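Down below is the structure, laid out as structure tokens.
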Amino acid sequence: MVFWELMPRVRFAPSPTGYLHIGSARTFIFNWLYARKNNGTMILRLDDTDIERNTQVSIDSIFDGLNWLGLSWDEYYRQSERLDLHKEMAYRILAAGAAYRDFTPAQTEEEKQEDSGPWLFHPGMRELTSEESDARAAAGEPFVVRFRVPRGEGKAVKFKDSVFGDQYKKADEIEDFALLRSNGMPTYHMASCADDVDLKIDHIIRGQDHLTNTFKHVLIFEALGEVKPKFAHLPLLIAPDGAKLSKRKHGPVVSVTTYRDAGFLPQAYINFLCLLGWSPKNNREQMSRQELMDAFTFGGVNRSNAVVNFSEADPIDPKAQWLNGQHLRTVELAELLPMVRARIEADGLAIPEERFGLIVETIRARYTSLHDFAVKGRPYFADDFVMEEAARERLDEPGARELLRELGARIAASAEFTEASVEKILRDLATEKDVKPGVLINGSRAALTGQAVGPSAFHLFMAMGRERSVARLEGV
RNA sequence: GGCGCUAUCGUCUAGUGGUUAGGACGGGGCCCUCUCAAGGCCCAGGCAGGAGUUCAAUUCUCCUUAGCGCUACCA
């Protein structure tokens with residue numbers, strides 16, 4: 001075996017008929033984890049053979065979401081540019097006798113409703129002689145090309161799934177599925193298998209909704225004389241009501257960009273998605289991309305569908321929010337700062353460069369979203385912030401305002417401005433005026449941030465800087 | 001209807017032929033404390049139901065039920 005044969009080639013193959021769905025994103029992530037862990041090749045392939053339903057908006061949404069997640073791919077293809085290949089392979093199967101032309105007109109919706117039993121093939125079409133078939137095709141009669149599923153031979157179609165184990169199905173129960181439509185376009189099954197062969201995909205990792213389709217795909221690979229790839233099917237992501245996630249029914253929670261727009265860190269969201277249907281089996285929850293990559297195995301993938309826990313009242317899964325908070329307070333500051341900066345600047349606020357890192361360090365432990373820095377954190381970046389009721393009550397305490405103004409004056413006059421110096425000034429003042437330090441401490445927080453709760457007051461002074469601190473104390 | 005897949009706290013999950021069925025989120029409480037958050041500790045909460053195999057089943061087998069998927073000239 002040569003070295004490159006050890007390096008897997010995997011693909012993520014979305015069809016651009018909507019926004020980037022969170023289930024799709026998770027499929028991408030698992031493919032990516034597997035490829036990167038094994039020095040493999042990650043391929044992005046747009047399965048855009050359904051020209052009726054494809055939209056540019058959808059393609060943009062897929063790239064949007066993927067770019068946000070920050071996961072890379074090595075090769076990029078569009079099925080619509082590879083139709084000749086798909087057709088060529090379909091005709092190769094036809095020529096080999098493993099497929100046949102079906103001249104039956106397309107069924108209408110009502111006709112489909114009527115037949116209740118399992119449909120396997122249209123009578124008479126499998127038996128057409130090649131002369132008759134060629135003649136009718138030459139005469140311009142429309143047809144679909146169907147796979148001639150082996151019947152009455154007791155053939156079993158089987159494959160081994162890396163997640164679901166050995167899979168087996170009687171060929172007699174598989175319908176003669178279409179390879180080519182009457183307009184000459186390949187179907188999903190044909191295009192997908194042709195590309196998987198041509199692109200030398202050796203491990204197909206996709207949603208469990210394709211588990212039963214895989215029997216058809218195995219038949220195609222066999223008819224093409226190709227070694228079939230390995231398969232790994234992932235459990236589906238479903239809504240709390242048990243239904244599959246759909247935009248129509250569940251709204252924006254199904255779109256990746258919703259989480260970006262909700263102030264998620266991409267690594268936190270990746271972490272969350274990985275925990276849906278996969279487990280490192282060691283009780284680890286918060287994990288970096290590298291840790292996820294190291295820990296990923298198909299053995300850790302679950303077989304049952306996972307519920308994304310959202311509601312009308314709280315559209316974000318609480319565990320996702322918690323994870324975001326965990327990442328927010330543990331990620332390298334240098335990595336966090338640009339993301340916070342972008343969020344702050346989006347609100348048109350000015351960043352005090354010399355204290356930016358300190359501010360973020362001071363407040364990040366109490367936030368769970370990037371938005372919090374601009375909303376709850378507004379007093380750190382702007383002077384027009386709202387004074388909360390609870391904070392006003394602190395200031396309204398008897399004598400509080402005078403004390404705070406005095407504190408401001410003393411801080412302004414002090415030669416030094418450090419946590420220790422401010423603390424000394426504050427405590428000395430409290431002793432001198434015979435009040436509890438808490439009055440000044442809590443009062444300072446209220447004056448500086450307009451909030452009754454928040455970081456330690458002495459950290460606050462440093463984060464706000466001398467000028468802003470003094471101004472706010474003297475302005476109470 | 002047919003075929004397939006699945007079934008452990010509300011949710012995500014670990015787990016074993018013998019365990020007080022473990023962890024996390026969320027909920028409740030306590031501690032810490034200048035407030036809040038973080039952190040620490042504690043509490044409530046679960047093996048879908050029924051048979052069978054076995055000395056012993058949450059674990060193995062079968063049935064039922066439920067959910068999901070496929071059953072298109074969608075992907």
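Worth saying up front: this structure is predicted, and the values here are computed from it rather than measured. Chain identifiers are assigned alphabetically (A, B, ...) following the order of the sequence lines, protein sequences preceding nucleic acid strands; residue numbering begins at 1 within each chain.
- Judged as a side chain to side chain donor-acceptor pair (under 3.5 Å), the pairs with a partner in residues 173-182 of chain A (not counting sequence neighbours) are, in order, A/Y100-A/D176, A/R126-A/D176, A/R151-A/D176, A/E175-A/K216.
- The phosphate of B/A75 (OP1 or OP2) has a side-chain N or O of A/R181 nearer than 4.0 angstrom.
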Exercise. What string of B, S and - do you get for nucleotides 19-29 of chain B, 5' to 3', if B is base contact, S is sugar-phosphate-only contact and - is no contact with any protein heavy atom under 4.0 Å?
Worked result: ---BBBS----
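- For the P atom pair drawn from B/A37 and B/C5, the interatomic distance equals 49 Å after rounding to whole Å.
- At a threshold of 4.0 angstrom between heavy atoms, the contacts of A/S182 include nucleobase atoms, whether or not backbone atoms are also involved.
- Nucleic acid contact for A/A457: base, since at least one base atom lies under 4.0 Å from a heavy atom of the residue.
- Straight-line distance between the C1' atoms of B/A24 and B/C70: roughly 34 Å, to the nearest whole Å.
- In this model, the phosphate group of B/C3 is not approached by any side-chain N or O of A/K170 to a distance below 4.0 Å at OP1 or OP2.
- OP1 or OP2 of B/A14 sits under 4.0 Å from a side-chain N or O of A/N302.
- For the pair A/R427 and B/C34, the criterion of a side-chain N or O lying under 4.0 Å from OP1 or OP2 is not met.
- Among the protein residues, A/V144 comes within range of the nucleic acid bases, having at least one heavy atom under 4.0 Å from a base atom.
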Mind listing the side-chain donor-acceptor pairs of residues 451-459 of chain A below 3.5 Å, one per line with the distance, residues two or more places apart or on another chain?
unit_1 : atom_1 : unit_2 : atom_2 : d
A/Q451 : NE2    : A/K376 : O      : 2.9
A/S456 : OG     : A/F458 : N      : 3.4
A/H459 : NE2    : A/E419 : OE2    : 3.4

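- If you check every strand for non-hydrogen atoms under 4.0 Å, A/K436 touches nothing.
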For this session: Take A/D47 and A/R11 through the test salt bridge (charged side-chain N to carboxylate O under 4.0 Å, His left out) and record every step on the way to the result.
Result: CA-CA 11 Å; A/D47 279 9; A/R11 63 8 177 232; 5.7 Å; no
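- The separation of B/U8 from B/U13, taken at their C1' atoms, amounts to 9 Å, rounded to a whole angstrom.
- As judged by a 4.0 angstrom heavy-atom cut-off over every strand, A/R329 is placed among residues touching the sugar-phosphate backbone only.
- Nucleic acid contact for A/A306: sugar-phosphate only, since backbone atoms but no base atoms lie under 4.0 Å from a heavy atom of the residue.
- At whole-Å resolution of the value, CZ in A/F164 and P in B/C5 are 10 Å apart.
- Residue A/Q167 is classed as a sugar-phosphate contact, given heavy-atom separations below 4.0 Å to backbone atoms only.
- Counting any heavy atom pair closer than 4.0 Å across all strands shown, A/P455 reaches a base atom.
- No donor-acceptor contact under 3.5 Å links the side chain of A/T212 to the base of B/C70.
- For A/E402, the side chain to side chain contact (heavy atoms under 4.5 Å, CB included) test picks out A/R405, with sequence neighbours left out.
- Checking B/C30 for Watson-Crick or G-U wobble geometry (two distances, each under 3.5 Å) identifies B/G40 as its partner.
- In the displayed structure, A/E153 atom CD is contacted under 6.0 Å by more than 12 heavy atoms of other residues, nucleotides or ligands.
- Residue contacts shown for A/G207 are absent, as no nucleic acid heavy atom lies under 4.0 Å away.
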For this session: I would like to know whether A/R101 and A/E141 meet salt bridge (charged side-chain N to carboxylate O under 4.0 Å, His left out); could you show each step before the answer?
Result: CA-CA 10 Å; A/R101 295 192 189 90; A/E141 193 176 338; over 6 Å; no
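- With both ends at atom P, the span from B/C62 to B/U53 equals 15 Å, rounded to whole Å.
- Nucleic acid contact class of A/T104 (heavy atoms, under 4.0 Å, all strands): base.
- To the nearest whole angstrom, the two C1' atoms, one in B/C9 and one in B/G45, are 5 Å apart.
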Exercise. What string of B, S and - do you get for nucleotides 40-48 of chain B, 5' to 3', if B is base contact, S is sugar-phosphate-only contact and - is no contact with any protein heavy atom under 4.0 Å?
Worked result: ---------
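- The aromatic rings of A/F296 and A/F298 sit perpendicular, their planes meeting at an angle over 60°, well past the 30° parallel limit.
- Counting non-hydrogen atoms under 4.0 angstrom, A/G438 reaches nothing in the nucleic acid.
- Contact annotation: side chain of A/R303 to base of B/C5, donor-acceptor pair absent below 3.5 Å.
- The pair A/D209-A/K244 fails the salt-bridge criterion, with no side-chain N (NZ, NE, NH1 or NH2) lying under 4.0 Å from an Asp/Glu carboxylate O.
- Between the side chain of A/D372 and the backbone N or O of A/S369, at least one donor-acceptor pair lies under 3.5 Å.
- The base of B/C34 lies close enough to the side chain of A/S456 for a donor and an acceptor atom to sit less than 3.5 Å apart.
- Across all strands, A/T49 comes closer than 4.0 Å only to sugar-phosphate atoms, never to a base (heavy-atom distances).
- The closest donor-acceptor contact from the side chain of A/T214 to the backbone of A/H217 lies at 3.5 Å or more, if one exists at all.
- With both pairing distances under 3.5 Å, B/A51 is matched to B/U61 as a Watson-Crick or G-U wobble pair.
- Heavy atoms of A/R445 sit under 4.0 angstrom from at least one base atom.
- Side-chain to base pairing of A/N213 with B/A75: one donor and one acceptor N or O lie within less than 3.5 Å of each other.
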Problem set entry | Evaluation steps, salt bridge (charged side-chain N to carboxylate O under 4.0 Å, His left out), between A/K424 and A/D428 | CA-CA 6 Å; A/K424 182 167 192 320; A/D428 287 349; 2.8 Å; yes
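- Under the 3.5 Å distance criterion, with hydrogens and angles disregarded, a donor-acceptor pair is assigned to the side chains of A/Q267 and A/E335.
- When the side chain to side chain contact (heavy atoms under 4.5 Å, CB included) test is applied to A/E393, the partners found at least two apart in sequence or on another chain are A/E389.
- Within the nucleic acid shown, A/F458 comes within 4.0 Å of at least one base atom, counting heavy atoms only.
- Separating the P atom of B/U59 from that of B/A38 is a span of 39 Å, rounded to the nearest Å.
- In this structure, B/U6 and B/A66 make a Watson-Crick or G-U wobble pair, each of the two defining distances being under 3.5 angstrom.
- B/C12 sits 16 Å from B/C47 when the P atoms are compared, rounded to a whole Å.
- Considering only the side chain of A/A365, B/A37 comes nearest among B/A37, B/C12, B/C70.
- Separating the C1' atom of B/G29 from that of B/A44 is a span of 11 Å, rounded to the nearest Å.
- Atom NE2 of A/H233 is separated from atom C1' of B/C70 by 11 Å (rounded to the nearest Å).
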